[in-house]
S.K.: 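Below is the structure I would like to discuss, written out as structure tokens.
Computed over heavy atoms, backbone and side chain alike; hydrogens, waters and symmetry mates excluded. Every chain is numbered from 1 and lettered A, B, ... according to where its sequence line falls, protein lines coming before strand lines.
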2 protein chains.
Amino acid sequence: MSGPTTRTRATMSDVAAAAGVSLKTVSRVVNQDGYVSAETLATVQEAIQRLGFRRNEFARQLRQGTTATIGLIMEDVADPFYSVLTRAVEDVALAHNYLLLSASSNEDASRSRQIVESFSSRGADGIILAPAQGTDPAFLAAEIAAGCSIVFVDRIVPGIEADTVLADNAGGSCEGVTHLIAHGHRRIAFFGDDASVFTAGERLSGYRLALADAGIAFDDDLVMLAAPTRDDLEDGIDRILDLEDPPTAIFAGNNRWSVRLLRHLKSRGEIATRGFVGFDDFELSDVLEPGVTVIAQDPATMGQLSADLLLRRVGGDRRAFEQVRLSPRLVVRGSGELPGPHA
Amino acid sequence: MSGPTTRTRATMSDVAAAAGVSLKTVSRVVNQDGYVSAETLATVQEAIQRLGFRRNEFARQLRQGTTATIGLIMEDVADPFYSVLTRAVEDVALAHNYLLLSASSNEDASRSRQIVESFSSRGADGIILAPAQGTDPAFLAAEIAAGCSIVFVDRIVPGIEADTVLADNAGGSCEGVTHLIAHGHRRIAFFGDDASVFTAGERLSGYRLALADAGIAFDDDLVMLAAPTRDDLEDGIDRILDLEDPPTAIFAGNNRWSVRLLRHLKSRGEIATRGFVGFDDFELSDVLEPGVTVIAQDPATMGQLSADLLLRRVGGDRRAFEQVRLSPRLVVRGSGELPGPHA
DNA sequence: GTGAAAGCGCTAACAC
DNA sequence: GTGTTAGCGCTTTCAC
């Protein structure tokens, strides 16, 4: 294999030579700064066209000390929650002429750290971070001290002060479970991510809170905590569904779990046999029969708000950190209103 | 508002001063290049730690003339097809220590061009591009001439030679429509993107081909071509469904159209009343009742292949351009097997 | 209106 | 083993 392609872009001095002017004059034309005679302007512009010159942003940024770059690190772009959030951040970045770097941590703290370092050493002014479980606070603190602003989205790292955009996970979860209870369910299964994932912990608390409010004892047998992407969960799910005193309703802790569970239920031939509420909306939740009742988050708004906060911060804003909690909305569609035995 | 935050990262010479050695020695430590005495090494590493030094990638890249950066430009990350593709590209890039820049063109040629320019001026060695309709070939040609490799994914720009990863759109579409015909349908509606979108044109050809093969006349009244994200399509859809000689089956040209149509059908109270096949799979297609028969693409493989091709190309490979056509798979789930009147 | 020189933070080439 | 010098492509400062 031969060596890497060396890019052969024309430089400013190439243009200057071609146009028979000094480098600085070209710079003036490119940056529309200072006065250039109409004639020189035309000559230089022609040379720029002809050579296909494009300013090297690295060199410019190196000299100016600014980068106009922000980063976004989430668990997985392929998750619809994050892909919608990403798109919203993209749009804000583009509108402000910022470059957006984004990457998936795959819920791996060391990969996440590697990405943060990569973005930071590329001069990102700030990073919107949905921290993977196990993220080292000391590392982040050093990053912040070095001048890279952090905005947490969806999750936080305890002990690190930063602007934050979160959903009210416990509240939403509590509302969803309470909704099931109101429809006559007392045996409600909970499926969620590892409790070490920030949102999962909060959502589990909400579940427990709702049970406690209704005077229902918490039963560990009804709870399953695992990454919904694992492929060895079927037995565990069946074990819960087939308990001696089985759940008459199910609460899914995120959209991945919802999809997984609905698929599993269908494979068991169970359509609409148990109450179902999921945290986070997903595509086709309204087309399934019955429609799936969810606690809907608003990932686009979460993305937009976090980008706004970050741009404000990297713009030099010094005010106290903001902690935004967005209330998710209960969207009633049918699956959560199936009557339980106590209805 | 005060000025932008100036990042206050320590530089190599800061570290050198702190450690009482020369800049070059620090460089040696950072790059693990050349010999450094154990003692000096320790001193320098301590200083690096203490000052929170991180090498400035811009300066390094400027000096070395390499960037190890690639770009990905697609229509919309929030579309599951592209988000899965993006994730695959990310993984390849990360594995090769490349930085990935990605952005959504929003199907807008000028936004797309702006993004290409932005990536290119940031030294991207190459770009994986799903070109928006109306992309200017001359512009791309200039970009390529300037040393930025292009790999087309999902779509091409006619007249531009480049490595290409496409689905067999016409073939897949033809297979899907033929499948409906085999189940007794002769009135089959087609809903797809504007024909100016590359994939939409190919898929429409496949539809026509299947009809022709079966000796069925093409009927313009059964065809609707529009961006499925528009919010004024309901009447047009109804007009087709309510034709005097109405379609007994529907072919959806992409996953967005499938979702849109299934939702529309449900709102009309029509579940499983017409045959349905969609191009491109989507989440929950298997959980709907009946399951939705689709022509499944493989966006992850498309992403991975295009990233492999691009990295090979930017690595200096000079062999002839490759044109990969991936055959989509017919996945039978029920909706496409509902019998038509001629079954 | 235009240009020459210095320097952003780093690495390459060559001393010592 | 370590240091010095030059220069990547650009902007800044100041001179003409």
Side-chain angles (χ1 to χ4, degrees), chain A residues 3-4 6-45 47-48 51-69 120-124 146-147, chain B residues 3-4 6-45 47-48 51-69 120-123 125 146-147:
Chain A
T6 31
R7 302 201 63 196
T8 47
R9 282 241 179 258
T11 71
M12 270 196 184
S13 49
D14 294 338
V15 175
V21 298
S22 82
L23 199 169
K24 178 59 198 171
T25 301
V26 178
S27 171
R28 285 202 180 89
V29 171
V30 171
N31 297 300
Q32 298 164 12
D33 124 77
Y35 297 92
V36 180
S37 73
E39 194 187 357
T40 323
L41 183 75
T43 322
V44 172
Q45 280 175 335
I48 288 177
L51 300 180
F53 168 79
R54 179 143 323 133
R55 178 174 60 195
N56 179 327
E57 282 298 321
F58 291 149
R60 173 192 172 80
Q61 290 171 5
L62 179 59
R63 184 60 241 239
Q64 290 201 141
T66 64
T67 59
T69 299
S120 174
S121 62
R122 261 141 169 141
Chain B
T6 31
R7 302 199 66 196
T8 47
R9 281 239 180 262
T11 70
M12 271 197 185
S13 49
D14 294 338
V15 175
V21 297
S22 82
L23 200 171
K24 180 63 198 171
T25 302
V26 179
S27 172
R28 285 203 179 89
V29 171
V30 171
N31 297 299
Q32 300 164 12
D33 128 76
Y35 299 92
V36 179
S37 75
E39 193 187 357
T40 326
L41 184 75
T43 321
V44 171
Q45 280 175 334
I48 287 176
L51 300 180
F53 168 79
R54 178 141 327 133
R55 178 173 60 193
N56 179 328
E57 281 298 320
F58 291 148
R60 172 191 172 82
Q61 290 171 4
L62 180 59
R63 182 62 239 239
Q64 294 204 139
T66 65
T67 60
T69 299
S120 174
S121 62
R122 261 143 170 139
D125 300 313

S.K.: Considering non-hydrogen atoms only, spot the tightest contact between A:Leu41 and A:Val36 and give its length.
M.R.: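 Nearest heavy atoms, A:Leu41 then A:Val36: N-CG1, 3.7 Å.
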S.K.: Taking only the side-chain nitrogens and oxygens of B:Gln64, find out if one of them lies under 4.0 Å from OP1 or OP2 of C:dA12.
M.R.: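 Answer yes for this pair, as a side-chain N or O of B:Gln64 is under 4.0 Å from OP1 or OP2.
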S.K.: Do A:Arg9 and B:Ser120 meet the criterion of a side-chain donor-acceptor pair at a distance under 3.5 Å?
M.R.: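 Short answer, yes.
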S.K.: Within the 3.5 Å criterion, strictly below it, is a donor on B:Ser37 or B:Thr40 matched to an acceptor on the partner's side chain?
M.R.: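 Yes, a side-chain donor-acceptor pair sits under 3.5 Å.
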S.K.: From C:dT11, C:dT2, C:dG9, pick the nucleotide closest to the side chain of B:Thr11?
M.R.: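 Comparing C:dT11, C:dT2, C:dG9 against the side chain of B:Thr11, the answer is C:dG9.
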S.K.: State, without any angle test, whether B:Asn31 and B:Arg55 hold a side-chain donor-acceptor pair at a distance under 3.5 Å.
M.R.: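 B:Asn31 vs B:Arg55: donor-acceptor pair found between side chains.
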S.K.: Is there a donor and acceptor pair closer than 3.5 Å between the side chain of A:Arg63 and the base of C:dG7?
M.R.: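 Present.
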S.K.: What is the 5' to 3' range of DNA chain D, first to last nucleotide, that sits under 4.0 Å from any heavy atom of chain A?
M.R.: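 Reading along DNA chain D, I get D:dG9 to D:dT12.
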S.K.: Under 4.0 Å between any heavy atoms, over every strand shown, what does A:Arg28 touch: base, sugar-phosphate, or nothing? Just pick one.
M.R.: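 Answer is base: heavy atoms of A:Arg28 come under 4.0 Å of a base.
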S.K.: In this structure, how many angstroms lie between the P atom of C:dC10 and the CZ atom of B:Arg9, rounded?
M.R.: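 It is 11 Å, rounded to the nearest whole Å.
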S.K.: Nearest 0.5 Å please: distance from the CE atom of B:Met12 over to the CZ atom of B:Phe53.
M.R.: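 Rounded to the nearest 0.5 Å, the CE-CZ separation comes to 4.0 Å.
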S.K.: Using the closest heavy atom to pick a nucleotide of DNA chain D for each, name whichever of B:Tyr35 or B:Leu62 lands nearer the 5' end.
M.R.: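 Final value for this comparison: B:Tyr35.
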S.K.: When you measure from the side chain of B:Thr66 to the backbone N and O of B:Ala68, does any donor-acceptor pair fall under 3.5 Å?
M.R.: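 Side chain of B:Thr66 to backbone of B:Ala68, a donor-acceptor pair under 3.5 Å: no, none is there.
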S.K.: For B:Phe58 and C:dG9, give me the distance from atom CZ to atom P, rounded to whole Å.
M.R.: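 It works out to 13 Å between those atoms.
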S.K.: Using a heavy-atom cut-off of 4.0 Å across all strands, would you classify B:Asp33 as base, sugar-phosphate, or nothing?
M.R.: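 Here B:Asp33 touches no strand at all.
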S.K.: side-chain contact (heavy atoms from CB on, under 4.5 Å), that's the test. Do B:Val21 and B:Thr43 meet it? Break it down for me.
M.R.: CA-CA 9 Å; B:Val21 297; B:Thr43 321; 5.9 Å; no
S.K.: Regarding B:Thr67 and B:Asp125, do their side chains bring together a donor and an acceptor under 3.5 Å, going by distance alone?
M.R.: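 There is such a pair (donor and acceptor under 3.5 Å, judged by atom type) between the side chains of B:Thr67 and B:Asp125.
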S.K.: Nearest 0.5 Å, please: how far is CD in B:Gln61 from OG in A:Ser121?
M.R.: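 Here the rounded value is 8.5 Å.
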S.K.: If you take any heavy atom closer than 4.0 Å to DNA chain D, which residues from residues 12-25 of chain A end up in contact?
M.R.: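 DNA chain D contact set from residues 12-25 of chain A: A:Met12, A:Leu23, A:Lys24.
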S.K.: Can you tell me if the side-chain N/O atoms of B:Asn56 get under 4.0 Å from OP1 or OP2 in C:dC8?
M.R.: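 No.
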